[in-house]
Amino acid sequence: MNVYHENKETRAHERWSTAQIVPKLELWNQQKPGYGCGIFSSVSGEQPSVHEGLFYRQNGKGGNSNGIIFRLQAGGVFFESNGMKIRMDRRNVMREWKPICLILLLMGMLTLASAPASGEILFPDGTLIKQKCSACHKPDAQGQLDVLEHTRKTPEEWKVVVDRMIRINSLPLENENFNSVIKELSAKLCLSPKEMSAVAYLNSDENSQYREIPKDKLEERIFTSCVRCHTYGKIVSHKNTPEQWAENRNLHLGYYPTVIPQMREMDWALESKELIEPLSKLLPFDNPEWKQWIQNRKKPDLTGEWIVAGYQPGKGYYEGSYAIKANAAAGKDEYSIEKEIRYESGTVLKTSGSGTLYSEYHLRYALSSKDAMGKTEGVFDLNADHMAFSGKWWAVVQDKNVFGNEMFSHSGSSAKILGAYPEALQTNQTHKVTMIGVNLPSVKAADITFSKPGISVTKIIQTGASKIVCDVNVKTEAGTGILGVKVKGIAYDGSMKVYAKIDAIKVFPEIGRARVSCGSAYPWQGVQFVARGISAGPDGKVGTEDDLVLNPVDAKWSLAEEKTRKDDDDLKYLTTSVVNGLYTPVTTYGPIASRSQGLEGTGLIKIVATFKGMESSSRLAVTVPDFIPHLK
């Protein structure tokens, strides 16, 4: 191999052999310990091709990172740091690259993160993680695997990481062992339920209409630097040591160096470097709350009947049950699930399938039915103290944006109220109220009490362990606001509302995102809008913080143009009937000859709801298919 040293001042070159360069690099390492090895990427262009990349080093304290830029062109590879350049002949690069990296590795030039202080061997011999991952993630003297044991993630993010290891690093993992590896990682290196609650919205795979908005100056910095490519929820799904946050930055610089020109309006390399410390404090690997939770965590018994209460936008409230059985043949923490729910309309839906419990509290399932709903998936988190799951399910095919939010609790758990509807009660009216719960007592009218005066139960229609139906009279003296309810002292953790009249209506979500179709692999993705009544609240003004969001209203729906440019014609191509607030695109991904410049059937329009002379609208963006659905 021909290797050259170039002095920046004299531009003189000196030929070095491998035997000569190794002692020089050893001396370099002694003077500046803690070097790391980067990777280079190809940049397409005219011959000769140009390759650029980065060697990086961490100082002894795992702090500042200094880059050693290299550039491969016709003359060779140039490694540059401070006053030194090293050039290697291009004809030898590919042949000699692996030996050079091996030399660097053997010299101890890869930065090692500080090991967790617990001393526990998380993945002993016999575990799949030890068998499949330790070839690259070497165990230290305490048996802790490098990198792996310095980061915690959601099961969804562990799936992303393991999939990347398979694609990029050729991890020899068979399909049948993939989920077992995720379960092993999630059992030990997971988020606590409290941490998970902050990113629960990200774990479902429906055509989500959730909008992330920064809450403070630090989040604004993170949004500016990272959220152009990732969701904020993805970032919060990771809890790392400071060293691993630094390595995450280095990964971007090595694998995705185009981040620099893509983010050219800022000095991304500097800004991402300065974010390492605040990210380490905001999203730490180690914190007391997580330690306490994982030490006290107990394995739950999911087998048996679970009572469910939920709401499906566009269809209404429902009640029902799950029957869950352990599926030992499928493996540890695997379950067979049957579900039956009944909507207010009387429609009954039965589904069945399988589920997996991760981290002793995170349940994901896949169910199917023979009706129009087809296959559904769900993700739910367990409150172990109350033996109650909460979360969301969705139809796999999202042309109708079908999803539901629900809570379900084990029939053998303590008495509780899971849901009550309607959510809002108007004064000077008598309402039929349904409460769904677990182990509810048999009641008389006087056993149900409310936090406001002038509200009383006038008739018990049905009483049972999982359901109470009653007539509730609300007088004017009840006023307006949040309403608490108790059944023989059992308090409803949710809230009901009292209002005098509907002052306005509002469409949710405030902006919707639908997607056009591109063949059977990428079907249409619709948006289910809901119009709800609004009570102005104590200040008498609509649009202020004390507004009360009321029950859904039976609105009439239409579409209108959202003017964004001269001769805006989006509505002409996006128009279709809207039934019960559901918009499903009718166009496909491809140029339309009659449109200016052959544009696709995409654009921005408005969806409008009207109810008793009141009107509200939301913006509706119809965009291209989600070709990379799991990139979050």
Does any non-hydrogen side-chain atom of [Y] lie less than 4.5 Å from one of [X]?
{"X": "Leu440", "Y": "Lys467", "value": "no"}
{"X": "Ile276", "Y": "Arg249", "value": "yes"}
{"X": "Ser616", "Y": "Ile534", "value": "no"}
{"X": "Asn169", "Y": "Cys136", "value": "no"}
{"X": "Arg364", "Y": "Thr356", "value": "no"}
{"X": "Phe178", "Y": "Ile166", "value": "yes"}
{"X": "Tyr210", "Y": "Leu202", "value": "no"}
{"X": "Pro422", "Y": "Glu344", "value": "no"}

*side chain to side chain contact (heavy atoms under 4.5 Å, CB included) between Asn203 and His362: does it pass, once the steps are laid out?*
CA-CA 10 Å; Asn203 295 330; His362 189 67; 3.8 Å; yes
*In sequence, state the C-alpha distance, the side-chain angles, and the governing distance for Ser409 and Lys416, and then conclude on side-chain hydrogen bond (donor to acceptor under 3.5 Å, both in side chains).*
CA-CA 9 Å; Ser409 184; Lys416 63 180 70 68; 3.0 Å; yes
*Going by the side chain to side chain donor-acceptor pair (under 3.5 Å) test, name the single residue among Asp333, Asn179, Asp381 that passes it with Tyr358.*
Asn179
_Taking side chain to side chain donor-acceptor pair (under 3.5 Å) as the criterion, tell me which of Asp626, Asn207, Thr623 meets it with Arg513._
Asn207
If we ignore hydrogens and angles and just use 3.5 Å, is the side chain of [X] paired with the main-chain N or O of [Y] as donor and acceptor?
{"X": "Glu212", "Y": "Gly233", "answer": "yes"}
{"X": "Arg532", "Y": "Lys506", "answer": "no"}
{"X": "Gln528", "Y": "Asn580", "answer": "yes"}
{"X": "Ser359", "Y": "Ser186", "answer": "yes"}
{"X": "Asn177", "Y": "Ser180", "answer": "no"}
{"X": "Trp393", "Y": "Val402", "answer": "no"}
{"X": "Glu184", "Y": "Leu128", "answer": "yes"}
{"X": "Arg152", "Y": "Phe285", "answer": "yes"}
{"X": "Thr602", "Y": "Val624", "answer": "no"}
{"X": "Asn551", "Y": "Glu423", "answer": "yes"}

Taking all atoms of both residues into account, what is the closest heavy-atom pair of [X] and [Y], and its distance?
{"X": "Ile490", "Y": "Ile417", "value": "O-CD1, 3.6 Å"}
{"X": "Gln244", "Y": "Asn240", "value": "CB-CB, 3.7 Å"}
{"X": "Ala555", "Y": "Ala609", "value": "CB-CB, 3.9 Å"}
{"X": "Gly437", "Y": "Ile307", "value": "O-CG2, 3.6 Å"}
{"X": "Thr576", "Y": "Leu559", "value": "O-CD1, 3.5 Å"}
{"X": "Ser413", "Y": "Asn439", "value": "O-ND2, 2.6 Å"}

Are more than 12 heavy atoms, taken from residues, nucleotides or ligands other than [X], located less than 6.0 Å from that residue's [atom1] atom?
{"X": "Arg167", "atom1": "CZ", "value": "yes"}
{"X": "Arg297", "atom1": "CZ", "value": "yes"}
{"X": "Lys153", "atom1": "NZ", "value": "yes"}
{"X": "Asp554", "atom1": "CG", "value": "no"}
{"X": "Lys194", "atom1": "NZ", "value": "no"}

*Determine, stepwise, if the pair Thr151 / Leu189 fulfils side chain to side chain contact (heavy atoms under 4.5 Å, CB included).*
CA-CA 7 Å; Thr151 180; Leu189 298 167; 5.7 Å; no
Using 30° and 60° as the class limits, which term best fits the ring planes of [X] and [Y]: parallel, tilted or perpendicular?
{"X": "His252", "Y": "His230", "answer": "perpendicular"}
{"X": "Tyr522", "Y": "Phe627", "answer": "perpendicular"}
{"X": "Tyr311", "Y": "Tyr317", "answer": "tilted"}

*asked:* Set out, in order, the CA-CA distance, both residues' side-chain angles and the distance that settles side chain to side chain contact (heavy atoms under 4.5 Å, CB included) for Asn248 and Leu279, then state yes or no.
replied: CA-CA 11 Å; Asn248 185 277; Leu279 281 169; over 6 Å; no
*Could you go through the side-chain hydrogen bond (donor to acceptor under 3.5 Å, both in side chains) check for Asn287 and Glu195 one step at a time?*
CA-CA 11 Å; Asn287 69 61; Glu195 291 172 325; 3.0 Å; yes
*Does Tyr361 have its ring centroid less than 6.0 Å away from the ring centroid of Trp293?*
yes
*Assert yes or no for the condition that the ring centre distance of Tyr335 to Tyr322 is strictly below 6.0 Å.*
no
*asked:* Applying side chain to side chain contact (heavy atoms under 4.5 Å, CB included) to Ser204 and Phe403, what does each step give before you reach the verdict?
replied: CA-CA 10 Å; Ser204 59; Phe403 68 93; over 6 Å; no
Nearest-0.5 Å distance, [atom1] of residue [X] to [atom2] of residue [Y]:
{"X": "Asp301", "Y": "His410", "atom1": "CG", "atom2": "NE2", "value": "6.0 Å"}
{"X": "Ser134", "Y": "Phe123", "atom1": "OG", "atom2": "CZ", "value": "11.5 Å"}
{"X": "Leu122", "Y": "Leu148", "atom1": "CG", "atom2": "CG", "value": "10.0 Å"}
{"X": "Glu338", "Y": "Lys350", "atom1": "CD", "atom2": "NZ", "value": "9.5 Å"}
{"X": "Leu363", "Y": "Ile324", "atom1": "CG", "atom2": "CD1", "value": "6.5 Å"}
{"X": "Arg221", "Y": "Ser272", "atom1": "CZ", "atom2": "OG", "value": "10.5 Å"}

*Using a distance-only test with no angle check, is there a side-chain donor-acceptor pair under 3.5 angstrom linking Gln262 and Tyr256?*
no
*State, without any angle test, whether Ser237 and Glu156 hold a side-chain donor-acceptor pair at a distance under 3.5 Å.*
no
Which pairs of donor and acceptor atoms, one on a side chain in residues 385-392, lie under 3.5 Å apart (sequence neighbours left out)?
from, atom 1, to, atom 2, distance (Å)
Lys392, NZ, Glu206, OE2, 2.9

_Do the side chains of Arg342 and Glu319 get close enough for a salt bridge, i.e. N-O under 4.0 angstrom?_
no
